[in-house]
Each structure stands twice: as C-alpha cells, then as structure tokens.
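Reading through the structure tokens given below for one structure.
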Number of protein chains: 2
Amino acid sequence: MARPRRYDYAELRVEVIRAARTLLQEGGPAALTARALSKAVGVTSGTIYGQFGDLRAVLLEVNRDTFNELTQMIEALPNDEPEPWLYALAEGYVEFMLSRHGVWQGLFEGPRVTEKFPDWYMETIHGLLARIAKPLAQIAPATDACARAEELFVAVHGGVALAAVGRLDMVSSRSANVLAREAVATMIGAISKTP
Amino acid sequence: MARPRRYDYAELRVEVIRAARTLLQEGGPAALTARALSKAVGVTSGTIYGQFGDLRAVLLEVNRDTFNELTQMIEALPNDEPEPWLYALAEGYVEFMLSRHGVWQGLFEGPRVTEKFPDWYMETIHGLLARIAKPLAQIAPATDACARAEELFVAVHGGVALAAVGRLDMVSSRSANVLAREAVATMIGAISKTP
DNA sequence: ATAGTTTCTGAACGTCGTTTAAAAACAGTG
DNA sequence: CACTGTTTTTAAACGACGTTCAGAAACTAT
C-alpha cells in the first residue's frame with residue numbers, strides 16, 4: 001500500500017557516513033557538500049536529507065565513528081609502566097588525529113554543531129582524560145591528577161590543532177609528535193620533582 | 001581625462017577593514033561576506049574586489065591589524081621580574097585573543113590562506129616567542145629557552161583554541177586563563193628544578 | 001560637442017545547503 | 001483490470017555565497 005523503499009536504510013546510513021569520511025579526509029570540511037556526498041553514494045541529496053535531516057548530522061555521525069576508533073586505539077595500547085605508557089598515548093593520539101586531519105577539522109573547527117554535546121562525545125573525552133590521569137597519579141600521588149590530565153591534554157591539543165590546519169610551522173620547526181612528547185616530559189618533570 | 005574616483009582609496013581600505021573586523025567579531029568567519037561587507041561600507045562588492053582582489057585579502061589585512069595590536073599590547077606590559085612577567089604575558093595573550101574570538105577564528109581556522117606566510121606574520125610570532133624565551137632563560141639558564149618558549153606557546157594556544165570555538169567545556173571546567181597560568185607554572189616547575 | 005579614459009555598478013555565473021511539488025512504485029479494493 | 005491510497009525518491013527550485021565583467025557614469029582634453 002506504499003512505494004517500496006529502494007535502499008536499505010541501515011546500509012544507506014553506513015555508506016553515507018563512509019563516503020562523508022572519505023570526502024572529509026580528502027578535502028577537509030569544505031569538500032563535504034550535499035551534492036558530492038549524494039553523487040558518491042548514488043542517491044539524490046533529498047534522500048540523504050530524509051535520513052539525516054541536515055549535513056551537520058552527517059558530520060556528527062562521522063565524529064561518532066571517529067571517537068569509537070579513538071577509544072579502540074587507546075584500548076589497544078600495550079600495557080606498560082606509567083611513563084612509557086603516557087608517551088605511547090601521546091604519540092598515538094597525535095598520529096591518530098593527524099592521519100585524519102580532515103575529520104579533525106570537522107570535530108574541532110567551526111561554530112559548535114550542537115548546544116549540548118552528545119553523551120558519547122563527553123564519554124570519549126572523559127575516558128581519554130581518565131587514561132591520562134591514571135599514570136600521572138602513579139608517577140606523583142600528591143598532585144591533582146585529573147587537573148594535570150586536562151592541562152596535558154590541552155597542551156597536546158595545541159600542537160595537533162596547529163598541525164591539523166597547516167599552521168604549526170608558524171610557530172615551530174618541530175613536529176606535533178615531538179612537541180607532544182615534550183609536553184609529556186614537561187608535565188612529568190613538573191609533578192615528579194616536587195618534594 | 002578619466003572618471004574621478006568617488007572614494008579615497010586609503011580611507012576606503014581602512015573602512016573596509018574596520019567593517020570586516022566588526023562582522024568577524026559579531027558573527028565569526030561565516031558573517032564576513034562580500035555582500036554584508038559592501039553594504040556596511042556603502043559600496044558595491046565590485047569596488048571592494050577592485051581594491052582587495054578577494055575576501056581572503058581582506059581577512060589578511062584584518063589579521064595584520066590584529067597582530068599589530070598584539071605587539072603593542074605586549075610592549076605595554078609593565079616591566080617586572082621574569083616569573084610575574086610571564087604570567088602577565090600569558091594572561092594578556094589569552095584575554096587579547098578571546099576578546100577577539102571571531103577574529104581569532106579568521107587567524108587560525110580553515111585552510112591556510114597563503115602558501116607562505118607574510119613577513120609581518122612571522123615577525124609577530126617570532127617576536128612573541130622571543131618575549132617568552134627571555135624570561136625562561138633568566139629562570140633557567142641551562143635550558144634551551146627557545147624550544148621551551150615554543151612549547152609553552154603551543155600549550156597556551158591549545159586552551160585558547162578550544163575556548164575560541166566554544167569547546168573548552170568539552171575538556172575542562174576551568175577557564176583558558178586558568179589553564180594558561182597552569183601551563184606557565186608547569187613549565188617553570190619543570191625547568192627550574194633540574195639540578 | 002566629441003572622444004578618450006578610468007571608476008563604479010548591477011546583473012550575471014556557478015556552487016552551496018535545504019525545501020518541496022510532483023513523479024514513481026507498490027498494495028489493497030472494486 | 002482499473003482505480004485509490006500511501007510512501008519513497010527525484011528533480012527542480014530558492015535564497016545566499018564568492019567572484020567576474022559588460023557597460024553605465026563621470027570626468028578631461030581636444
């Protein structure tokens with residue numbers, strides 16, 4: 001009693017999200033257009049709007065996938081002593097983000113997409129912060145490890161942010177990776193040498 | 001032997017730049033459109049294109065002004081001991097950038113405007129880095145003050161970057177100002193306590 | 001007056017996100 | 001079989017964007 005749907009909506013969603021990610025990766029946020037996206041999946045833009053509402057929703061779904069991958073990557077880090085583990089995390093984070101720098105811009109650039117961040121958004125971030133805080137607490141039980149974790153994350157973010165938009169060379173000839181390692185070293189130095 | 005120009009080009013330029021800054025301030029990069037800009041100064045967009053070439057050039061001129069103001073603000077900081085001076089610089093920088101967060105996005109967001117940065121661009125940044133390095137060298141003559149200055153700037157930039165696009169609350173409940181102070185404290189702690 | 005020259009405008013081009021009227025494709029009913 | 005009802009999908013449209021450019025406008029020199 002109705003026109004049958006031509007596409008499996010579940011399949012369509014994953015295809016759209018995958019195509020969106022490819023476009024982001026290759027050309028940054030500017031390349032994620034409704035027309036390019038619909039052409040890439042062989043559907044008209046109207047169909048995508050029927051499924052996602054608008055383009056920001058597509059970007060949000062890409063970000064959800066990215067955050068899931070980030071969580072997985074962190075889980076997969078080899079168990080190690082606090083210090084080497086922290087370095088591995090910093091290095092992994094930088095490499096993860098810069099190998100997805102188009103996606104990164106979708107995550108951190110432009111006006112905020114939503115008034116309040118989705119739960120999975122905050123959970124991923126806080127999971128990451130907790131993973132940073134734990135080794136810091138082991139290294140220096142006296143400090144406020146959560147506060148230090150926030151500060152360390154922000155410091156690393158600074159380097160990644162500049163690198164992701166091609167502006168790190170404005171400030172330094174070193175790579176974001178090296179700067180992240182230095183940030184870890186500085187933090188460890190500061191908290192471990194307090195009598 | 002020619003149509004006389006209706007506008008003083010020098011005046012026109014400063015008016016366009018001022019209007020562009022207002023638009024940026026009030027609505028971020030998205031609000032800086034050729035039509036809004038030309039309406040604001042009472043000129044058609046063609047005239048602006050004749051003077052500036054394209055909108056990126058207008059943005060670049062706004063940035064030049066911003067950088068000049070930044071330099072002036074730094075020069076105006078009261079002379080002080082290395083440590084308090086560093087704190088004052090960090091605080092001043094954060095306040096400067098966040099009170100211009102629309103302009104900030106034009107400075108640091110989006111794909112790079114030019115292949116190579118203009119000279120005044122690099123001079124301002126390097127001037128700032130040198131101003132950071134000097135007190136660091138006084139505090140700990142043994143360290144590579146220039147390298148530490150880059151790292152400290154990047155760390156502060158991380159907080160400002162998140163705050164400027166309304167995403168700092170994703171990571172921390174503290175302000176960019178507080179995080180910047182902590183970054184300074186961490187750096188001083190790390191370099192001053194090396195035997 | 002007329003011709004020459006430069007300045008400025010306004011309309012146009014193609015692209016963007018998004019909306020929507022209509023076409024398409026079926027199941028149920030007579 | 002035709003017709004109706006319902007839902008899905010399309011294609012064209014809308015307004016706004018950056019940018020370009022033919023030509024109107026406004027003067028000087030002859």
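First the proteins, then the strands, lettered A, B, ... as listed; each starts at 1.
- Which of D:dT7, C:dT9, C:dG17 sits closest to the side chain of B:T47 comes down to C:dT9.
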Report, one line per pair, each donor and acceptor closer than 3.5 Å where one atom sits in a side chain of residues 175-189 of chain B; sequence neighbours left out.
unit_1, atom_1, unit_2, atom_2, d
B:S175, OG, B:N177, N, 3.4
B:S175, OG, B:V178, N, 3.1
B:R181, NH1, B:E91, OE1, 3.2
B:T186, OG1, B:E182, O, 2.8

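- Listed by chain and residue number, B:D54 satisfy the salt bridge (charged side-chain N to carboxylate O under 4.0 Å, His left out) test with B:R56 (two or more places apart in sequence, or in another chain).
- Atom CE of residue B:M97 and atom NE2 of residue B:H157 lie 9.0 Å apart, to the nearest 0.5 angstrom.
- Sorted by residue number, the members of residues 5-12 of chain A with any non-hydrogen atom under 4.0 Å from DNA chain D read A:R5, A:R6, A:Y7, A:Y9.
- In this structure A:E75 satisfies the side-chain contact (heavy atoms from CB on, under 4.5 Å) test together with A:T71, A:R131, sequence neighbours excluded.
- Atom CD in A:Q51 sits roughly 18 Å away from atom P in C:dG17 (whole-Å rounding).
- Looking at which nucleotide of DNA chain D each of B:A30 and B:P4 is closest to, the 5′-most match is held by B:A30.
- Regarding A:L59, its CG atom lies at a distance of 17 Å from the P atom of C:dC16, rounded to whole Å.
- Under the side-chain contact (heavy atoms from CB on, under 4.5 Å) criterion, A:M73 pairs with A:L70, A:L77, A:F96, sequence neighbours left out.
- Here ring pair (Phe, Tyr, Trp, His ring centres under 6.0 Å) pairs that include residues 125-155 of chain B, with residues two or more places apart or in two chains, are B:Y93-B:F153.
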Distance-only donor-acceptor pairs under 3.5 Å for side chains of residues 46-53 of chain B, two or more places apart:
unit_1, atom_1, unit_2, atom_2, d
B:T47, OG1, B:T44, OG1, 3.4

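- Rounding to whole angstrom units, CZ of residue B:R3 and C1' of C:dT6 are separated by 9 Å.
- Within the 4.0 angstrom heavy-atom criterion, no nucleotide atom of any strand lies near A:I48.
- Between the CG atom of A:L37 and the P atom of C:dT18 there is a distance of 12 Å, rounded to whole Å.
- Within the structure, ring pair (Phe, Tyr, Trp, His ring centres under 6.0 Å) contacts touching residues 25-44 of chain A (residues at least two apart or in different chains) do not occur.
- Applying the side-chain contact (heavy atoms from CB on, under 4.5 Å) test to A:A145 and every residue at least two apart in sequence or in another chain returns A:A133, A:L136, A:A137.
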Check: protein-nucleotides 19-21 of chain D nitrogen or oxygen pairs below 3.5 Å:
unit_1, atom_1, unit_2, atom_2, d
D:dT19, OP2, B:Y49, OH, 2.6
D:dT19, OP2, B:L55, N, 3.0
D:dT19, O5', B:Y49, OH, 3.4

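- Among the heavy atoms of the strands lying under 4.0 Å from B:T44 is at least one base atom, whether or not backbone atoms are also near.
- Under the 6.0 Å distance and 45° angle rule, A:R5 counts as a cation-pi partner of A:Y9.
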N/O donor to acceptor pairs below 3.5 angstrom from side-chain atoms of residues 21-43 of chain A, sequence neighbours left out:
unit_1, atom_1, unit_2, atom_2, d
A:R21, NH1, A:E69, OE2, 2.9
A:R21, NH2, A:E69, OE2, 2.8
A:T22, OG1, A:R18, O, 3.1
A:T33, OG1, A:A36, N, 3.0
A:S38, OG, A:A34, O, 2.7
A:S38, OG, A:R35, O, 3.0

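- Summary of helix geometry: the two end axes of the helix from C:dA1-D:dT30 to C:dG30-D:dC1, each defined by five base pairs via their C1' atoms, are inclined to each other by 60° (rounded to 10°).
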